[in-house]
Amino acid sequence: MFKKTLLLSAIIASGMTLSGCVIHVGGDNADHDGANLSSVLGGFDIRDGRVISDVSTVNGGIDIGNNVTAEDLETVNGGIELGDNVNIRSAEVVNGDIEAGENLRVAEDIETVNGDVLLGRFAEIGDDIETVNGDISLKESVVRGNVETVNGDITLKENTLVGGDIVYEDTHGDWNWESSVPTLRIDASSNVEGMIILHREVKLDIENDALLSKVKRQYSDE
């Protein structure tokens, strides 16, 4: 699922490497505008209206205010919180959630391993949303690519549109953990333009009967 190596190369190559508890970027100090920001032992608090480049940390969260523009956001142990009207290129987390307010714009992917993806209304995602052990919740949103998980629940409601496929990956192989059966919920107002591909058992709560014809079970019931 994950096509990029998280974080380490970004930290080494970053134009600004910091450490500490929480690094505040904003207020009257515009020195960080347009900069790459990275930390090993600390998180970032990006104030409203800032324009920055990449933000990466190992042990810390990333808190993005309203009306912020950024590039790639990456953390290992910490969540990413995004305010309203945020524009980013991508967001990746290993252990932590990704949460957003309204009107999020993501040019590429959102990815987590052990964490949920919880987006507010009117989000637009240019490519995929992917988790391993994390739920995905979308409302009044558009995902141009796929929505993929292994063990998480997926909820689409309030006129959400997925332009690609919904995919539940196999629990075997690299991600072979015991798990309960996840649930896919799609309300009557939401739609999936691609297929619903199941490589594992999934509980289906799909209100639109037309979408049931798109379900492809590619696993054995035995």
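Numbers here are sequence positions counted from 1.
Using a 4.5 Å cut-off between side-chain heavy atoms of Ile, Leu, Val, Met, Phe, Trp and Tyr, with links allowed through other members, Ile154 and Leu204 fall into the same hydrophobic cluster. Hydrophobic clustering (side-chain heavy atoms under 4.5 Å, transitive across Ile, Leu, Val, Met, Phe, Trp, Tyr) groups Val215 together with Ile186. Both Val68 and Ile110 are members of a single hydrophobic cluster when ILVMFWY side chains are connected at heavy-atom separations under 4.5 Å. There is no path of hydrophobic side-chain contacts, each under 4.5 Å, that joins Ile125 to Val167.
In this model, no donor atom of one side chain and acceptor atom of the other lie less than 3.5 Å apart for Ser90 and Asp109.
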inquiry  = Applying side chain to side chain donor-acceptor pair (under 3.5 Å) to Asn36 and Ser53, what does each step give before you reach the verdict?
reply    = CA-CA 5 Å; Asn36 289 341; Ser53 189; 2.7 Å; yes
inquiry  = Please evaluate residues Asn114 and Asn133 with respect to the criterion side chain to side chain donor-acceptor pair (under 3.5 Å), reporting the C-alpha separation (whole Å), side-chain torsions for both, the decisive distance (0.1 Å), and the verdict.
reply    = CA-CA 5 Å; Asn114 300 307; Asn133 300 304; 3.0 Å; yes
query = After noting the C-alpha distance and the side-chain angles of Thr149 and Thr131, does the key distance pass the side chain to side chain donor-acceptor pair (under 3.5 Å) rule?
reply = CA-CA 5 Å; Thr149 187; Thr131 75; 2.7 Å; yes
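Here the CD-CG distance, from Glu102 to Asn66, works out to 10.5 Å after rounding to the nearest 0.5 Å. Once rounded to the nearest 0.5 Å, the distance linking CD of Glu108 with CD of Glu92 reads 9.5 Å. Atoms CG and CZ, from Leu198 and Arg217 in turn, are 6.0 Å apart once rounded to the nearest 0.5 Å. The OG1 atom of Thr160 lies 10.5 Å from the CZ atom of Phe122; values are rounded to the nearest 0.5 Å. For the atom pair Lys157 NZ and Ser137 OG, the distance stands at 5.5 Å (nearest 0.5 Å). Residue Leu212 holds its CG atom at 11.0 Å from CD of Glu207, rounded to the nearest 0.5 Å.
Looking at Ile98 and Leu73, their side chains never come closer than 4.5 Å, going by heavy atoms from C-beta outward. For the pair Val132/Val113, a side-chain contact is recorded, criterion being any heavy-atom separation below 4.5 Å from C-beta on. Residues Ile46 and Leu37 meet the side-chain proximity criterion, which asks for heavy atoms closer than 4.5 Å. Side-chain contact between Ile197 and Asn146: absent, with no pair of heavy atoms (C-beta onward) separated by less than 4.5 Å.
Using a 4.0 Å cut-off between a side-chain N of Lys or Arg and a carboxylate O of Asp or Glu, Asp187 and Arg185 do not qualify as a salt bridge.
Scanning all heavy atoms of the two residues, the minimum distance from Thr57 to Ile62 falls at CG2-CG1, 4.1 Å. Looking at every heavy atom in both residues, Glu158 comes nearest to Arg121 through OE1-NH2, 2.9 Å. The minimum heavy-atom distance linking Tyr219 with Val202 is given by the pair OH-N, 4.5 Å. Between Val58 and Thr75, the shortest heavy-atom distance links the atoms O-OG1, 4.0 Å. Of all non-hydrogen atoms in Glu148 and Asp128, the two that sit nearest each other are OE2-OD2, 4.2 Å. Closest approach of Val76 and Val94 over heavy atoms only: O-CB, 3.5 Å.
Not counting sequence neighbours, the partners of Glu71 by the side-chain hydrogen bond (donor to acceptor under 3.5 Å, both in side chains) test are Arg89. With sequence neighbours excluded, no residue forms a salt bridge (Lys or Arg N to Asp or Glu O under 4.0 Å) with Glu99. Checked against side-chain hydrogen bond (donor to acceptor under 3.5 Å, both in side chains), Asn208 has no partners two or more places apart in sequence or in another chain.
A donor-acceptor pair is defined here as one N or O able to donate and one able to accept, closer than 3.5 Å; no such pair exists between the side chain of Lys216 and the backbone of Met195. Judged purely by atom type and a 3.5 angstrom limit, Lys203 has no side-chain atom pairing as donor or acceptor with the backbone of Asp153. At least one donor-acceptor pair closer than 3.5 Å links the side chain of Tyr168 to the backbone N or O of Gly152. Judged by distance alone, the side chain of Ser213 and the main-chain N or O of Leu211 form no donor-acceptor pair under 3.5 Å. Under a 3.5 Å cut-off, the side chain of Asp97 and the backbone N or O of Gly79 do not form any donor-acceptor pair. Listed for the Asp72 side chain is no donor-acceptor partner under 3.5 Å among the backbone atoms of Asp54.
A side chain to side chain contact (heavy atoms under 4.5 Å, CB included) with Asn67 is found for one member of Val51, Asp84, Asn85 and no other, namely Asn85.
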